[in-house]
Amino acid sequence: MRLLIALALPCLFSLAEANSKAITTSLTTKWFSAPLLLEASEFLAEDSQEKFWSFVEATQNIGSSDHHDTDHSYYDAVLEAAFRFLSPLQQNLLKFCLSLRSYSASIQAFQQIAVDEPPPEGCKSFLSVHGKQTCDLDTLESLLLTAADRPKPLLFKGDHRYPSSNPESPVVILYSEIGHEEFSNIHHQLISKSNEGKINYVFRHYISNPSKEPVYLSGYGVELAIKSTEYKAKDDTQVKGTEVNATVIGESDPIDEVQGFLFGKLRELYPALEGQLKEFRKHLVESTNEMAPLKVWQLQDLSFQTAARILAASGALSLVVMKDISQNFPTKARAITKTAVSAQLRAEVEENQKYFKGTIGLQPGDSALFINGLHIDLDTQDIFSLFDTLRNEARVMEGLHRLGIEGLSLHNILKLNIQPSETDYAVDIRSPAISWVNNLEVDSRYNSWPSSLQELLRPTFPGVIRQIRKNLHNMVFIIDPVHETTAELISIAEMFLSNHIPLRIGFIFVVNDSEDVDGMQDAGVAVLRAYNYVAQEVDGYHAFQTLTQIYNKVRTGETVKVEHVVSVLEKKYPYVEVNSILGIDSAYDQNRKEARGYYEQTGVGPLPVVLFNGMPFEKEQLDPDELETITMHKILETTTFFQRAVYLGELSHDQDVVEYIMNQPNVVPRINSRILTAKREYLDLTASNNFYVDDFARFSALDSRGKTAAIANSMNYLT
C-alpha cells in the first residue's frame, strides 16, 4: 500500500537565522498528517490481521489527539495499547516506524480510495455495499438484498478483512476512523453479521476531518549548496592579509572578545596567567575559524585519529560521537588532528582492512553494511527498506529464540538459505541430453574475464552485470524445432551470445524419436542432425551459428522446413553428402531419444520451455519483448544469492558452480504441479503454554499461536 502513493512531490522549506551558520531543511508531503493510532494499526497489520483486529478492539475509546491534553500523552496512549501485542524488540521498531511516519502514505492511499467512492455528505463514517454507499445502518439490509445484482468490489492487498464463515456472501466495506465512538458502534454490528455469515466485512481507514498539519519526511539526505553572487569593490593596494577570522587581528585591543570571552579584561585581572590565557585564546580562535585549511602532514593519520576519538567515548556515547563527527567532519577535523593513536588500534585497523579486502573485496576507505550476513547495498537502499529488513530479521530471530535456539546454533541457522517458495522449484540441468553452446569456464572468447568468485563481492554500480568466468547463470531452451516461436527464441539466444552476456546457453531439441525417422522428410529431425554434425566437426558455438542461419531463412509466421536446412548445409559444406547427415542411417543422431526422455521426465509443461538455472519461466514471460528484460533481472537476483554463498564460505573458487546450484533444496527430479503448486499453510509453533483443548473457555480466549501451542500440548505424538 505504501507504493500506491508515488506521485506526492515533496515541498522544500529552509530556515536560517541571521547570526547562525546552521541551516534547518525540512521536506514535507502534499498530503496531511494522519493520527498515529492509524499508523500503529498498520504496523500491527503487517504482522497479522489477528493482531490488527485485537488492536482495534483495544483502542475503541482512545479517541484522537484532540481528546488528550498533549500530543505526547496521545502518543503514550497509542504505544501503551500497541505494546500489549508486541515483544520488546518489536516495541522499539514501532517507535522507529512512527518517527519515520512509514505508514503515512498507506493511510493516505485509503483516504484517496474513500474519496473516489465518494463518501455521502455529512457522514463521518460510511459503508459501501457493491458500489452503493450509505452511512445509515438501517438501509444496510436493503442494500444487502440487492448486492447480488451488482459486481463485487475490487479488494486490495492492504485491505483489512475480518474472518468470515461464508466467503460467498456480499462484501461490505466500512470507511471510518478507528478509536472513535461512531466507528465502534458500526464495527460491532458488522462483526455480528460477519459471524452469522451474512457479509464479508472489510475495513479501510477514512478521516472525515483531516488534519492540516503536513507530514515531515525522514530519511532523506539533502545537500544545500550556497553561493554568494554579491560583488564588492575593494582597493587591492590596501589588503592587510588573508586571515578570514577578525578575532586574530584584535589581540592588542583592550576589549579583545573571542566567543564571548573578554581577553582584554581577563589579562588585567589575572596578569600571572597571561601564557595560559594566550593558549586558551588561540584554541578559541582556531575553533572559530572552523574551515581553516590543514597541512598535508596533518591529514595522513586523520582516519585513524577519527576512529580513536570515537572509540574513546564510553558505551552508547560512541554512536553519538560518530554521528556528530560524520555530520560535521569539516568543522571537527582540526580538533581531531590532536588525537593520539595507539599502536594497538593502528594494528587492529590495518588487520581489518587486510581481512575485508581479501574476503569481500572491500577497499580501505570504502563502507559496507551487513545485517545478519545480508549485504545491504547503500547505493540502492533507503531508511524505509532498511527498516523492512530489520523487521524481517527480527521476526526470524524472535521465532528462533522462542524455540530455545541461541548462541552458535542461532548463528548456524541464520546462515541457512530460506526454504524457497512454490515458484522457485528447479529441475536438474546436468543431463547429457542438453547440447551446450558455450562454456564460460573454458571457452577462449571469455579469457579476458576474471575467474575468481571474489569478484562477486567487489563493489560495482547498481544494475551492473558482473562478467566472471564461471557458469553462474545457465539458460536451457527446450524447443520443438518446427514450432512457430522457435525462431524468435533462437534470435534472443543469439543476442545474449553476441553481446557477451555471462550466460551459459544450452538446447534440448524435442523431436520425433522413432527408430526409422528420415531427416530428409522430418524438419525437426533435420535441424537436430544438422546441429549435431557441426557440433562434432567443429564445436557447439559454430553449430549454434548454423542454427541461426537456418532460422534466418524462415519467414515470419512460418515454420522451418527441410529445404532451409539443406540449403544452409550445401552452402557451408558443399563437399559433404547432405543425405548422409540427415538421412535414416545418419551418424549424427545423438540426444534425439534422450532429449524427449528428459522433457517428459521433468514435467516442465508444454513446449517451448526456457529454464534459468533449472527454474522454468512462466508462459507469459516467453514473449520476445519480455524475455530479455526478465533474464537480466534474473541474473541480478541470482547474483545476490551467489554473493551470500561466497561471503559465508559456502561456495569457493575450486567448487563446481553448477554442482552447487543443483545441490540446492529447491531442485527436484520432476515438477509435479499437483504437489508443488498447492497453497502452503504454515502453523506458528513458536509459542509455549500449559493449556489444553479440554478447557474450551480458556482455549477460545487464546490467540492463534496460543491455540496452536494448546493443540500441540494435547497431542500425544507431536513434540
Side-chain angles (χ1 to χ4, degrees), residues 361 417 420 424-458 460 464-479 489-490 492-508 531 535 539-545 547 591 594-595 598 602 604 609-617 627-628 630-668:
N417 287 323
D424 289 330
Y425 286 107
V427 294
D428 200 325
I429 57 171
R430 292 172 292 187
S431 170
I434 302 174
S435 302
W436 294 104
V437 173
N438 61 333
N439 189 330
L440 275 67
E441 298 182 7
V442 299
D443 290 356
S444 59
R445 61 200 302 256
Y446 305 110
N447 281 345
S448 61
W449 294 6
S451 60
S452 173
L453 287 173
Q454 293 297 324
E455 291 292 323
L456 287 167
L457 303 178
R458 194 175 299 280
T460 62
V464 172
I465 294 178
R466 302 160 195 264
Q467 294 181 323
I468 302 174
R469 290 193 68 190
K470 290 288 184 181
N471 294 321
L472 299 168
H473 313 292
N474 305 270
M475 198 169 190
V476 178
F477 293 82
I478 305 178
I479 56 175
L489 293 176
I490 289 176
I492 292 173
E494 181 189 20
M495 183 274 298
F496 286 139
L497 282 170
S498 60
N499 287 285
H500 290 81
I501 304 299
L503 266 177
R504 185 189 185 202
I505 293 177
F507 284 92
I508 293 179
Y531 181 92
D539 58 27
Y541 182 69
H542 284 83
F544 176 72
Q545 288 183 322
L547 197 64
N591 290 341
E594 292 85 349
Y598 177 85
T602 52
V604 289
V609 176
V610 178
L611 306 177
F612 184 88
N613 282 351
M615 292 181 285
F617 283 131
L627 185 57
E628 177 186 349
I630 291 168
T631 303
M632 294 302 183
H633 287 167
K634 282 284 187 183
I635 292 174
L636 293 174
E637 289 174 12
T638 313
T639 299
T640 306
F641 165 76
F642 288 121
Q643 285 174 324
R644 178 185 173 90
V646 173
Y647 175 73
L648 295 175
E650 298 172 358
L651 179 60
S652 59
H653 178 70
D654 55 351
Q655 282 181 268
D656 187 322
V657 177
V658 176
E659 288 289 329
Y660 175 79
I661 298 170
M662 292 298 103
N663 288 331
Q664 297 304 306
N666 64 319
V667 178
V668 293

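All values reported here derive from a predicted model rather than from experimental measurement. The chain is numbered in sequence order, starting from 1.
- For the pair D443 (side chain) and R445 (backbone), a donor-acceptor distance under 3.5 Å is absent.
- Here I479 contributes atom CD1 and L547 contributes atom CG; the two are 6.5 Å apart, rounded to the nearest 0.5 Å.
- Remark: side-chain polar atoms of N438 are paired, donor with acceptor, to backbone N or O of I505 under 3.5 angstrom.
- For S452, the side-chain contact (heavy atoms from CB on, under 4.5 Å) criterion is met by Q454, not counting sequence neighbours.
- Between S451 and H653, the shortest heavy-atom contact is O-CE1, 3.1 Å.
- Between V464 and L636 the shortest heavy-atom distance is O-CD2, 3.9 Å.
- Annotation: ring pair (Phe, Tyr, Trp, His ring centres under 6.0 Å) contacts of Y647 (sequence neighbours excluded): F370.
- R469 places a side-chain N or O within donor-acceptor distance of the main-chain N or O of E441, the cut-off being under 3.5 Å.
- Listed by chain and residue number, nothing satisfies the side-chain hydrogen bond (donor to acceptor under 3.5 Å, both in side chains) test with Q545 (two or more places apart in sequence, or in another chain).
- By the side-chain hydrogen bond (donor to acceptor under 3.5 Å, both in side chains) test, N439 pairs with N471, sequence neighbours left out.
- Between I465 and P502, the closest side-chain pair of non-hydrogen atoms falls below 4.5 Å.
- At distances below 3.5 Å, not a single donor-acceptor pair connects side-chain atoms of Q664 with backbone N or O atoms of A426.
- In this view, R504 satisfies the side-chain hydrogen bond (donor to acceptor under 3.5 Å, both in side chains) rule with no residue, not counting sequence neighbours.
- F477 pairs by the ring pair (Phe, Tyr, Trp, His ring centres under 6.0 Å) definition with F507, not counting sequence neighbours.
- Residues that satisfy the side-chain contact (heavy atoms from CB on, under 4.5 Å) test with Q643, not counting sequence neighbours, are L456, L457, R466, T639, T640.
- For residues 653-662, the set of pairs meeting the salt bridge (Lys or Arg N to Asp or Glu O under 4.0 Å) definition, not counting sequence neighbours, comprises R430-E659.
- Residues meeting the side-chain hydrogen bond (donor to acceptor under 3.5 Å, both in side chains) test with N499, sequence neighbours left out: none.
- For L648, the side-chain contact (heavy atoms from CB on, under 4.5 Å) partners are K415, R644, E650, not counting sequence neighbours.
- Residues forming a ring pair (Phe, Tyr, Trp, His ring centres under 6.0 Å) with F496 (at least two apart in sequence, or on another chain): none.
- Taking S431 as the reference, A433, Y598 meet the side-chain contact (heavy atoms from CB on, under 4.5 Å) condition, with sequence neighbours excluded.
- Not a single donor-acceptor pair under 3.5 Å links the side chain of N591 to the backbone N or O of E594.
- A donor-acceptor pair is defined here as one N or O able to donate and one able to accept, closer than 3.5 Å; such a pair exists between the side chain of N613 and the backbone of N474.
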